[in-house]
A.B. asks: 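There's a structure below that I have some questions on.
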Number of protein chains: 2
Amino acid sequence: MEPVQTEDAGPVAEGREAPDGQVLGQMIRSARKEKGLTLEDVAKMAAIGRSTLSKIENNLTKPSFDIIRRLMQALDLKTPQLFVQSGKSDISGRRDYTLTGKGEHQETATYDHELLCTELTSKRMLPYISTIKARDVSEFESWVRHRGEEFMYVISGSLTLYTEHYRPLEMRAGDSVYYDSGMGHGCVSTSDEDARVLWVSLEM
Amino acid sequence: MEPVQTEDAGPVAEGREAPDGQVLGQMIRSARKEKGLTLEDVAKMAAIGRSTLSKIENNLTKPSFDIIRRLMQALDLKTPQLFVQSGKSDISGRRDYTLTGKGEHQETATYDHELLCTELTSKRMLPYISTIKARDVSEFESWVRHRGEEFMYVISGSLTLYTEHYRPLEMRAGDSVYYDSGMGHGCVSTSDEDARVLWVSLEM
DNA sequence: GAAACTTTTTCCCTATTGGCAACAAAATTG
DNA sequence: CAATTTTGTTGCCAATAGGGAAAAAGTTTC
């Protein structure tokens, strides 16, 4: 049940600093400068005051979440970087490896989800190998939903993917599908044998 | 060579609303409830006051970015969802399907990359199935690098994954690896036969 | 169903934000 | 190089965030 992890020592993962208000300002300023915009330009786009933006960039204030969100939109900034938690190492320059069947299992009556590469806790995508147990379609419960995107590849067996907005999709070994996981979904093994799928989830 | 796409018409992708402070509270509350924690539990973890958290969850206040960041950490929430920009077309409520071997191929002397699910152009992850042609290790060129993260799963055959910071990793069918794709990497088939891998790339 | 306890909400008050406007600095122009 | 315009910084002040404590609502127990 223990995942096999990096058996050779990796580089020292230097914990990136969280923007404790000490760097948040610089991040925003550099993003603005990069686009060649003035305080006023950005302030207008974000519908805030020039002075407010100036203070934020100089770390003279702890801005509200609302303001930051508007700035992010105005500057078209990708957000995850703002939330990098210090201490918790990120995956920068790192890797993690899992041998077949050695992942972290989470089993229910109808599934057996195996989470892979559990050492890297700050990774953005979550890779799983799941066994979808053969069963009657009538057992189909409610939709699964979680904001994000999902990719699924059928390793062996065959299954039916049910989705909220489409008619059921028959899938066989080698087939793959990509979908908005906010759309209700769920799958059922259609053969007598269990189906094995690999899927990768991206939370948003 | 043409990918098989959604053969049934999808729903109209309605632009998702951004959390204008009207739903932020609910998101945090549901995350807390999901974990079975009380206001006090979370408040302590995030080092804020109970009352503050209560007000945030009930949308009675516009919390500071700092507070939200601490709550995110405490609740282990993925953050991008809070910044969803409406307008930009996303894959909301959609899905795309590719049959084995029907993806968009891109072949070189040493690889054959098959991009899957090409209909969904705005997806965040890029799924590929690649054939890594059997060859001599001496042919190994320079590192591949691109900002982001990558997950790889070996479907068949065996290969060696070379990475900048680690020593080579021997992988066989069923093994998987996750790594920072900004770290130099590249792989070589180690058996006489070609190796087939499935990999998913997340650009950042 | 009252008592004891837990969890959440509501006041109250101080510290701080965020916008306006004046000020200073830098760039542009004639 | 003075005048003008543009960009960035600082006071000032109303509006409000956030913490402590008390009240209210919800649970559990006997």
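Lettering follows sequence order; numbering is per chain, from 1. What you see is a predicted model; the values in this text were computed from it and never measured.
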A.B. asks: Counting just side-chain N and O atoms, does B:S54 come under 4.0 Å of either OP1 or OP2 of C:dT9?
C.D. replies: yes
A.B. asks: How would you summarise protein contacts on nucleotides 16-21 of chain C per nucleotide, using B for base, S for sugar-phosphate only and - for none, with heavy-atom distances below 4.0 Å?
C.D. replies: -SBBBB
A.B. asks: Considering residues at least two apart in sequence or located in another chain, which fulfil the side chain to side chain contact (heavy atoms under 4.5 Å, CB included) criterion with B:E164?
C.D. replies: B:W143, B:R145, B:M183
A.B. asks: List the residues meeting side chain to side chain donor-acceptor pair (under 3.5 Å) with B:N58, not counting sequence neighbours, and say none if there are none.
C.D. replies: none
A.B. asks: Classify the ring geometry of A:Y178 against A:F151: parallel below 30°, tilted from 30° to 60°, perpendicular beyond 60°.
C.D. replies: tilted
A.B. asks: Tell me every residue that passes side chain to side chain contact (heavy atoms under 4.5 Å, CB included) with A:T160, counting only those two or more places apart in sequence or in another chain.
C.D. replies: A:Y162, A:P168, A:E170, A:T190
A.B. asks: List for me each residue that meets side chain to side chain donor-acceptor pair (under 3.5 Å) alongside A:K133, sequence neighbours excluded, and say none if there are none.
C.D. replies: A:E107
A.B. asks: Mind checking side chain to side chain contact (heavy atoms under 4.5 Å, CB included) for A:V177 and listing every partner two or more places apart, or none if nothing turns up?
C.D. replies: A:M152, A:L161, A:L169, A:M171, A:Y179, B:R95, B:Y97
A.B. asks: Quickly work out the B:E57 CD to C:dT9 C1' distance and round it to whole Å.
C.D. replies: 12 Å
A.B. asks: Can you list the residues that meet the side chain to side chain contact (heavy atoms under 4.5 Å, CB included) rule with A:S156, with sequence neighbours excluded?
C.D. replies: A:R196
A.B. asks: For residues A:T163 and A:H185, is any side-chain donor paired with an opposing acceptor at under 3.5 Å?
C.D. replies: no
A.B. asks: Measure the angle between the two terminal helix axes of the helix from C:dG1-D:dC30 to C:dG30-D:dC1, five base pairs each, and quote it to 10°.
C.D. replies: 40°
A.B. asks: Check salt bridge (charged side-chain N to carboxylate O under 4.0 Å, His left out) between B:E40 and all other residues, then give those that pass, not counting sequence neighbours.
C.D. replies: B:R50
A.B. asks: On DNA chain D, reading 5' to 3', which nucleotide is the first and which the last to sit with an atom under 4.0 Å from a heavy atom of chain A, could you check?
C.D. replies: D:dT7 to D:dC12
A.B. asks: Show the numbers, then the answer: is there a side chain to side chain contact (heavy atoms under 4.5 Å, CB included) between B:L126 and B:V200?
C.D. replies: CA-CA 5 Å; B:L126 293 178; B:V200 181; over 6 Å; no
A.B. asks: How many Å lie between NZ on B:K44 and P on C:dT8, as a whole number?
C.D. replies: 13 Å
